Amino acid sequence: MGKYYITTPIYYPSDKLHIGHAYCTTVADALARYHRIKGDDTFFLTGSDEHGLKIQRKAAEKGVTPLEYVDGIIANFKLLWKKLNISNDDFIRTSEERHHKVVQNALKKIFEQGDIYKKNYEGLYCVPCESYWLERQLDEKGCCPDCHRPVEKMQEESYFFKMSKYQEWWLDFIDKNPDFIQPESRRNEMINFVKQGLEDLCITRTTFDWGIPVPFDTKHVVYVWFDALLNYLTGIKYGEDEKFFKRFWPADLHLVGKEIVRFHSIIWPIMLHALGVEMPKKIYGHGWLVVDGTKMSKSLGNVVDPLGLIDEFGSDAIRYFLLREINLGNDGNFSRDALIQRTNADLANDLGNLLNRTVAMIIKYHSGEVKNSKQNDAVDNDLINLAQQTVKDYTSQMDNMNITDAVKTVWNLIGKANKYIDETAPWALAKDDTKQAKLQTVMYNLAETLRLVAIMVAPYIPDAAPKIYEQLGLGNEPLQLSDAVWGGLADGTKVVKGDPLYPRTTVDKDGCTVIGGKKYVAGEN
RNA sequence: CGCGGGGUGGAGAAGUGGUAUCUCGUCAGGCUCAUAACCUGAAGACCGGUGGUUCAAAUCCAUCCCCCGCAACCA
């Protein structure tokens with residue numbers, strides 16, 4: 001038994017979260033839950049990155065303070081995570097006092113050791129947007145890429161972090177830790193990037209004040225990365241509770257989107273190195289979701305709101321789809337049709353129906369009582385062997401973050417169990433008085449398979465997994481990987497008839513989905 | 001010559017040197033325990049084009065065509 005500290009990025013509360021945020025957080029949640037059922041001392045952190053000009057402006061537009069503005073949005077973040085069954089242990093907000101302290105102390109330390117200096121920053125400035133642009137970022141006419149108005153040369157005094165000083169150290173570190181950045185394609189990208197030469201990083205601003213004041217020069221506030229990245233330390237009480245911090249640091253995994261791999265794999269390690277803090281173990285850059293084949297964007301109006309989907313299909317369905325359908329590391333496609341198809345086939349038909357028919361038969365043939373008569377022949381042993389092999393494969397795949405493969409592995413067992421029913425034809429055994437022991441064996445093997453399945457799927461579909469346990473007659477016993485050993489189901493256990501695990505979704509002639517008798521108008525999400 | 005990802009049966013995907021896999025859909029059959037579910041079988045791919053390396057290439061190399069991202073705060 002070990003420990004496991006996993007983080008998601010902290011999301012920016014300028015707007016509602018979309019399905020892409022939900023994807024990242026779901027993956028992190030599945031990993032966190034997996035490590036918990038494995039018995040690891042687990043800490044799962046997510047949160048929000050609340051400072052900056054964008055927020056300050058939005059708040060001003062609405063006539064509220066920045067904090068009031070983000071409070072409203074953060075309430076929505078938290079609601080989404082709750083509805084998605086996200087099991088984060090803490091939610092860090094960069095506007096919190098505990099975080100300000102960490103950032104200011106870190107800044108002070110690095111400043112005092114001479115790695116931060118002040119200089120005039122000269123650049124092309126868009127006054128209405130209050131932001132600097134590099135020449136190559138400008139649009140075709142040489143104007144601001146955001147508002148397409150002319151930019152002008154401006155000078156501002158800023159503090160810089162001496163990243164360039166650590167370039168060789170970084171290359172050496174990456175060379176010695178080949179698994180630090182994953183997938184490998186991103187690692188290569190990062191190495192190429194750094195080899196082109198690292199520039200010092202501008203870490204403060206004076207153009208807005210919704211941020212953490214720089215302790216040695218309060219005209220300035222901390223700008224983005226020196227603020228946001230440090231949340232991973234704040235979340236486990238860095239500088240505040242040494243014992244707690246040491247319990248979880250170094251982070252086992254920073255899960256991030258591919259667009260911010262650069263910040264997490266270059267700036268972040270260098271910051272930590274300058275601070276004298278041990279390196280995290282792994283940065284993983286996952287792919288993006290595209291919707292019906294095209295990138296999600298506000299201007300296209302195809303941004304998918306996960307809250308509506310959860311209300312319609314349930315959190316398990318969304319989680320399952322994201323974990324099963326999208327290969328971690330690659331981009332993946334999201335569509336309602338695919339979601340409906342996948343959840344009908346895998347959750348309702350394969351898993352839900354397997355449980356339903358198994359429980360129904362045990363009740364019908366044995367008044368609900370399970371007994372292992374161990375009359376196993378070749379077909380039975382096939383199932384038992386596969387079940388045991390499945391637990392093994394699942395464990396190693398989850399340990400290696402091959403979530404999609406692990407899901408497939410478990411569903412292969414579910415498929416095998418459905419087939420096993422056909423092969424053994426319990427309804428025929430039931431009619432033959434001489435085959436009663438055999439019938440008991442078959443029922444036991446099915447129930448036992450389902451018990452192992454319940455444990456393994458618990459990280460993916462946390463709503464349903466305990467319900468499987470309940471219907472198997474195990475009440476609300478905790479699901480633990482150490483119990484996923486064949487033969488653990490005791491004779492005399494009484495199964496309990498329950499509702500179907502998942503209703504089937506049908507689409508009527510108007511294109512509306514009908515789930516469990518309830519109708520949803522298409523396109524409302 | 002900016003960087004990267006991708007082009008695999010009707011659809012979506014997996015597969016990085018050795019009989020082309022999975023899901024959905026289609027067609028035919030089986031079963032009746034179950035959520036019109038489950039099981040079996042079949043049809044259907046010259047793995048973007050061309051050239052090369054190899055006994056052997058979807059898989060390696062070259063070249064071309066097409067899609068899609070990114071270019072130092074959009075997961």
Side-chain angles (χ1 to χ4, degrees), chain A residues 8-12 14-15 17-28 49 51-54 131 134 136-137 163 183 185-186 188-189 192-193 196 198-199 201-202 223-225 227-229 255-263 266-267 285-290 293-298 303 324-327 329-333 335 337-338 340-342 344-365 404-405 408 411-412 415 417-430 442-443 446 499-506 516:
Chain A
T8 71
I10 48 175
Y11 307 115
Y12 200 65
S14 62
D15 208 341
L17 295 179
H18 56 63
I19 192 75
H21 301 98
Y23 170 59
C24 183
T25 307
T26 298
V27 170
D49 170 22
H51 296 305
L53 182 63
K54 240 189 237 172
S131 51
L134 295 172
R136 62 166 187 266
Q137 292 177 300
M163 289 236 296
S185 55
R186 306 244 185 279
N188 296 335
E189 245 178 280
N192 281 335
F193 182 81
Q196 288 165 25
L198 273 182
E199 286 171 34
L201 183 72
C202 176
Y223 182 60
V224 206
W225 296 109
D227 175 351
L229 287 165
L255 186 66
V256 299
K258 63 179 180 181
E259 79 292 350
I260 50 173
V261 170
R262 184 176 290 167
F263 312 111
I266 301 174
I267 299 177
H286 63 72
W288 272 14
L289 288 188
V290 294
T294 45
K295 190 187 163 179
M296 245 186 301
S297 82
K298 265 183 230 162
V303 176
R324 163 62 231 245
E325 196 79 3
I326 289 121
N327 235 303
N330 296 344
D331 286 358
N333 195 38
S335 78
D337 287 350
I340 292 168
Q341 178 189 299
R342 194 94 241 173
N344 270 348
D346 294 3
L347 296 182
N349 298 352
D350 290 346
L351 175 58
N353 189 43
L354 174 65
L355 177 71
N356 201 37
R357 62 201 302 217
T358 299
V359 169
M361 285 190 283
I362 294 173
I363 289 172
K364 185 166 178 179
Y365 303 140
T404 306
D405 285 342
K408 286 183 191 165
W411 255 262
N412 180 52
N418 272 315
K419 188 173 175 175
Y420 175 75
I421 297 181
D422 246 60
E423 288 168 339
T424 53
W427 48 90
L429 298 174
V442 169
M443 289 301 113
L446 283 169
D499 291 331
L501 229 40
Y502 298 99
R504 279 178 62 76
T505 300
T506 52

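Values below: every heavy atom of this structure, side chains too, minus hydrogens, waters and symmetry copies. Chain A is the first sequence line, chain B the second, and so forth, proteins listed ahead of strands; every chain is numbered from 1. If you're wondering where the values come from, they're calculated on a predicted model, not measured in any experiment.
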Asks: Please state how far atom CE in M361(A) lies from atom P in C33(B), giving the value in whole angstrom units.
Replies: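 Whole-Å distance recorded here is 9 Å.
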Asks: Shortest non-hydrogen contact from A417(A) to L446(A)?
Replies: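 Taking A417(A) first and L446(A) second, the nearest heavy atoms are O-CD2, 3.8 Å.
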Asks: Quick one: closest heavy-atom pair of C202(A) and Y223(A), and the distance?
Replies: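 Answer, listing the atom of C202(A) first, then Y223(A): O-CD2, 3.9 Å.
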Asks: Not counting sequence neighbours, which residues clear side chain to side chain donor-acceptor pair (under 3.5 Å) with W411(A)? List them please.
Replies: none
Asks: Rounded off to whole Å, could you give me the NZ-to-C1' distance for the K408(A) and A14(B) pair?
Replies: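 Rounded to whole Å, this separation is 5 Å.
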Asks: Could you go over nucleotides 23-30 of chain B and give all protein N or O partners under 3.5 Å, atom names and distances?
Replies:
{"unit_1": "C24(B)", "atom_1": "O4'", "unit_2": "Q341(A)", "atom_2": "NE2", "d": "3.1"}
{"unit_1": "C24(B)", "atom_1": "O2'", "unit_2": "Q341(A)", "atom_2": "OE1", "d": "3.0"}

Asks: At 4.0 Å (heavy atoms only), tell me whether L289(A) reaches a base, stays on the sugar-phosphate, or touches nothing.
Replies: base
Asks: Find which nucleotide of RNA chain B each of L201(A) and W288(A) is nearest to by heavy atoms, and output the residue with the more 5' nucleotide.
Replies: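 Whichever sits nearer the 5' end wins; that is L201(A).
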Asks: Whole angstrom is fine here: how far is it from NE2 in H21(A) over to P in C74(B)?
Replies: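 Going from H21(A) (NE2) to C74(B) (P), I get 10 Å.
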Asks: Choose from C31(B), C38(B), U35(B) the nucleotide whose nearest atom is closest to any side-chain atom of W427(A).
Replies: C31(B)
Asks: For L347(A) and K419(A), take the nucleotide of RNA chain B holding the closest heavy atom to each; which residue's nucleotide lies nearer the 5' end?
Replies: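 Mapping each residue to its closest nucleotide by heavy atoms, the 5'-most match is L347(A).
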Asks: For nucleotides G18(B) and G4(B), find the distance between their P atoms and express it as a whole number of Å.
Replies: 26 Å
Asks: Would you say a side-chain N or O of N333(A) is under 4.0 Å from OP1 or OP2 of A13(B)?
Replies: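 Answer no for this pair, as no side-chain N or O of N333(A) is under 4.0 Å from OP1 or OP2.
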Asks: Can you classify the ring geometry of F263(A) versus W225(A) as parallel (below 30°), tilted (30 to 60°) or perpendicular (above 60°)?
Replies: parallel
Asks: Verify the stacking flag for F263(A) against A72(B): centroid separation must be under 5.5 angstrom and the ring planes must differ by under 30 degrees.
Replies: no
Asks: What contact category does F193(A) fall into here, base, sugar-phosphate, or nothing, at under 4.0 angstrom with non-hydrogen atoms?
Replies: base
Asks: Paired with G41(B) by Watson-Crick or G-U wobble geometry, both distances under 3.5 Å: which nucleotide is it?
Replies: C27(B)
Asks: I need the minimum non-hydrogen distance between G352(A) and L501(A), along with the two atoms involved.
Replies: CA-CB, 3.9 Å
Asks: Can you find a side chain N or O atom of K54(A) that sits less than 4.0 Å from OP1 or OP2 on C73(B)?
Replies: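 Result: no.
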Asks: What nucleic acid atoms does N353(A) come within less than 4.0 Å of, heavy atoms only: base, sugar-phosphate, or nothing?
Replies: base
Asks: Base, sugar-phosphate, or nothing: which does I19(A) touch, judged by heavy atoms less than 4.0 Å apart?
Replies: nothing
Asks: Does the side-chain contact (heavy atoms from CB on, under 4.5 Å) test come out yes or no for K408(A) and R324(A), once each step is laid out?
Replies: CA-CA 7 Å; K408(A) 286 183 191 165; R324(A) 163 62 231 245; 3.4 Å; yes
Asks: R262(A) side chain: which of U32(B), C74(B), A72(B) is closest?
Replies: A72(B)
Asks: Looking at G51(B), which nucleotide sits across from it as a Watson-Crick or G-U wobble partner, both distances under 3.5 angstrom, or is there none?
Replies: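 Partner of G51(B): C61(B).
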Asks: For the residue pair T404(A) and I326(A), what are the closest heavy atoms and their distance?
Replies: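 Smallest interatomic distance, heavy atoms only, reads OG1-O, 3.2 Å.
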Asks: May I ask which nucleotide in the shown strands pairs with A34(B), Watson-Crick or G-U wobble, both distances under 3.5 Å?
Replies: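 WC or wobble partner does not exist here.
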Asks: Which one, A75(B), U35(B), C31(B), comes nearest to the side chain of H18(A)?
Replies: A75(B)
Asks: Who does A13(B) pair with, Watson-Crick or G-U, both distances under 3.5 Å?
Replies: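 Partner of A13(B): U21(B).
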Asks: C67(B) and G29(B): how far apart are their P atoms, nearest whole angstrom?
Replies: 45 Å
